[in-house]
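Notes for the one structure printed next.
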Amino acid sequence: MRTSLFTMSAAAGALALTLTACGSDGGSDGSNAALVGEGSGDSCVIDAEVPVGAALSLTGAAASYGESQRNGLELAAKELNAKDGVTYDLTVEDDQTDPKQGISVFEGFVNDGASVIIGPTLSNTAFQAQPIAQEESVPVLAISNTADGITEQGDYIFRDSLTESQVIPQTVTTAIEEYDLEDVVVMYSNDDAFTESGYEVMSSALEDSDTEVTDTLTFSTTDTDFRALLTEAKTSNPDAIFVSGLIEAAIPLVTQARELGIDVPIIGGNGFNNPQLMADAGDAAEGVVVGAAWNSASDNPQNADFLEAYEKEYDSQPDQFAAQAYTGMMLIDTAVRSGCSAERDAIKEGLGSISEVESVLGTISINDDRDAEHEAVVQVVKDGEFTVLK
């Protein structure tokens, strides 16, 4: 039985040493005979450690998402390394919620011989960094990027996160039906690819309904005071407010809306899908509606095991970002074991062949566009928790 060699957030120097050793066997392009094993699936045995790089936003505006993702990845790697056959050397680097830093982190992973790269956290960073990996034929698995066009950047780019186009229309339709909405206001952050993409899908879904958008208001990802915008929204006397924004905006926006006496439903995009909303906004978060790729109430066995293991490891409950990260690492293991090879092209082929794999997110497949397909869920905050709305 192999010994687990996983270490938390290893220093860049440690990764460089590991991957330099890897490259010395077969170059820095991921071609390495030691990464090709024998057997298949559960019987696969690969002698060398499989180098996996993850670029996550551990600081900056998206830090809360990145922290959850690191927890999910590290938990998955720990569990995988406790099994026989394949050992993963996971290294997590901080992209600082900055596309320039994301490019630098990707370049480091590519040049050091990573078999596969996970991340980055935000879509706008992904659009800048992913071409680095595509150019060098390194597979990438996006675990939280939901903007349209992510996988269109190349045939080495995959994702296990549902797109805004897959989740938001279902959220809009469900909210309209549940609350009988006729007139609404839309608010969104217009300086971020993730939130802009969410707004575009949200707007399109509303246009396809009989609901009228009486006003559309924009803000910046760095804004924290929304009172003026919310006061303007209130003058329209809307039945609900739809918002595409990051959690850093969601918390003060929801809190200030309730302080101003706005008690209509607030329907958020994927950025609202974070337990920090309830922790920091408290009672103000009650009734907020959020579409999601995952809900803790899902009763599949993989999810039940994940919840128990996560709480034991971190003494807290996971969020969707942790669940998607955990699933991403498990999908990489499935891809590696399918051909019993951790060479870059083999992982690319394996990820492209993922079909109806039972996971924390449910039964998941990767389609011909290299996007994930699985069932979404619409949630509402009730008694301080995300519960299934419908």
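In this chain, numbering begins with 1 at the start of the sequence shown. This one's a predicted model, so the numbers in the text were calculated from it and none came from an experiment.
Side-chain contact between Glu313 and Asn71 is absent, with no heavy-atom pair separated by less than 4.5 Å. With contacts defined as side-chain heavy-atom distances shorter than 4.5 Å, the pair Glu136/Glu107 does not qualify. For the pair Leu229/Met187, a side-chain contact is recorded, criterion being any heavy-atom separation below 4.5 Å from C-beta on. Counting heavy atoms from C-beta outward, Ser209 and Ile176 have side chains that approach closer than 4.5 Å. Using a 4.5 Å heavy-atom cutoff, the side chains of Val50 and Asp89 are not in contact. With contacts defined as side-chain heavy-atom distances shorter than 4.5 Å, the pair Val336/Ile46 qualifies. For the pair Ile267/Ile241, no side-chain contact is recorded, criterion being any heavy-atom separation below 4.5 Å from C-beta on. Contact of the Thr221 side chain with the Glu248 side chain is not registered, since no non-hydrogen atoms from C-beta on lie closer than 4.5 Å.
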Intermediate values then yes/no, side-chain contact (heavy atoms from CB on, under 4.5 Å), Thr91 and Val52: CA-CA 6 Å; Thr91 297; Val52 178; over 6 Å; no
Worked verdict on Arg227 versus Asp225 for salt bridge (Lys or Arg N to Asp or Glu O under 4.0 Å): CA-CA 6 Å; Arg227 292 177 179 84; Asp225 188 343; 3.2 Å; yes
Intermediate values then yes/no, side-chain contact (heavy atoms from CB on, under 4.5 Å), Val288 and Val380: CA-CA 6 Å; Val288 170; Val380 62; over 6 Å; no
Residue pair Tyr88, Asp333: steps toward the side chain to side chain donor-acceptor pair (under 3.5 Å) verdict: CA-CA 9 Å; Tyr88 294 93; Asp333 182 61; 2.6 Å; yes
Worked verdict on Ile143 versus Ser161 for side-chain contact (heavy atoms from CB on, under 4.5 Å): CA-CA 5 Å; Ile143 53 175; Ser161 45; 5.8 Å; no
Check against side chain to side chain donor-acceptor pair (under 3.5 Å), Thr214 and Asp183: CA-CA 6 Å; Thr214 57; Asp183 302 298; over 6 Å; no
Pair Thr171-Val289, side-chain contact (heavy atoms from CB on, under 4.5 Å): steps then yes or no: CA-CA 8 Å; Thr171 307; Val289 176; 4.2 Å; yes
Evaluation steps, side chain to side chain donor-acceptor pair (under 3.5 Å), between Gln153 and Gln130: CA-CA 7 Å; Gln153 289 197 301; Gln130 286 181 168; 2.6 Å; yes
Candidate pair Gln69 and Ser144, rule side chain to side chain donor-acceptor pair (under 3.5 Å), full reasoning: CA-CA 9 Å; Gln69 291 176 321; Ser144 58; 2.8 Å; yes
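The CG atom of Asn145 sits 8.0 Å away from the CZ atom of Phe127 when rounded to the nearest 0.5 Å. One distance of note links CD of Glu74 with NZ of Lys78; it measures 10.0 Å at 0.5 Å rounding. Atom-to-atom distance recorded for Lys382:NZ and Thr387:OG1 is 6.0 Å, nearest 0.5 angstrom. Between the CG atom of Asn190 and the OG1 atom of Thr195 there is a distance of 7.5 Å, given to the nearest 0.5 Å. Of the inter-residue distances, the one linking Met329 atom CE with Asp160 atom CG reads 12.0 Å to the nearest 0.5 angstrom. Atom CD of residue Glu152 and atom CG of residue Asp369 lie 7.5 Å apart, to the nearest 0.5 angstrom.
Remark: the backbone N or O of Gln302 is paired with a side-chain donor or acceptor of Asn300 at under 3.5 angstrom. A distance-only check finds a donor-acceptor pair linking the side chain of Thr334 to the backbone of Met330 [under 3.5 Å]. Proximity of a side-chain donor or acceptor of Ser204 to a complementary backbone N or O of Glu200 within less than 3.5 Å is not detected. The backbone N or O of Ala323 sits less than 3.5 Å from a side-chain atom of Thr327, completing a donor-acceptor pair. Glu212 places no side-chain N or O within 3.5 Å of a backbone atom of Val184 that could act as its donor or acceptor partner. The backbone N or O of Ser296 sits less than 3.5 Å from a side-chain atom of Asn303, completing a donor-acceptor pair. Ser236 places no side-chain N or O within 3.5 Å of a backbone atom of Pro238 that could act as its donor or acceptor partner. Looking only at distances, a side-chain donor or acceptor of Lys234 sits under 3.5 Å from a matching main-chain atom of Leu260. Of the possible polar contacts, one joining the Gln166 side chain to the Ala372 backbone as a donor-acceptor pair under 3.5 Å is found.
Ring pair Tyr326/Phe306 is tilted by interplanar angle, where 30° to 60° counts as tilted. Between Phe321 and Tyr65, the angle of the ring planes lies from 30° to 60°, which puts this pair in the tilted group.
Contact between Leu56 and Thr121 at its shortest, heavy atoms only, is CA-OG1, 3.5 Å. Closest approach of Leu230 and Ala257 over heavy atoms only: CD1-N, 3.5 Å. The two residues Gln128 and Pro99 come nearest to each other via the heavy atoms CG-CB, 3.7 Å. Closest of all the heavy-atom pairs between Ser244 and Tyr199 is OG-N, 3.5 Å. Scanning both residues, Ser57 and Asp95, for their nearest heavy atoms gives OG-OD1, 2.7 Å. Closest approach of Leu277 to Phe272, counting heavy atoms only: CD2-O, 3.9 Å.
Of the listed residues (Ser123, Ser197, Ser165), just one forms a side chain to side chain donor-acceptor pair (under 3.5 Å) with Asp148, and that residue is Ser165.
Among residues at least two apart or in separate chains, side chain to side chain donor-acceptor pair (under 3.5 Å) pairs with a member in residues 251-272 are Asn270-Gln320.
Using a 3.5 Å distance cut-off with no hydrogens or angles, the side chains of Asp191 and Ser189 do pair a donor with an acceptor. Checking Glu373 against Ser365 by side-chain atom types alone, no donor-acceptor pair falls below 3.5 Å. Neither side chain, Asp239 nor Tyr179, offers a donor N or O lying under 3.5 Å from an acceptor on the other. Side chains of Asp155 and Gln134: a donor-acceptor N/O pair is present below 3.5 angstrom, by distance only. Between the side chains of Thr59 and Asp94, at least one donor N or O lies within less than 3.5 Å of an accepting N or O.
Annotation: Glu311, atom CD; neighbour count of heavy atoms from other residues, nucleotides and ligands within 6.0 Å is above 12. Gln317 CD: more than 12 foreign heavy atoms inside a 6.0 Å radius.
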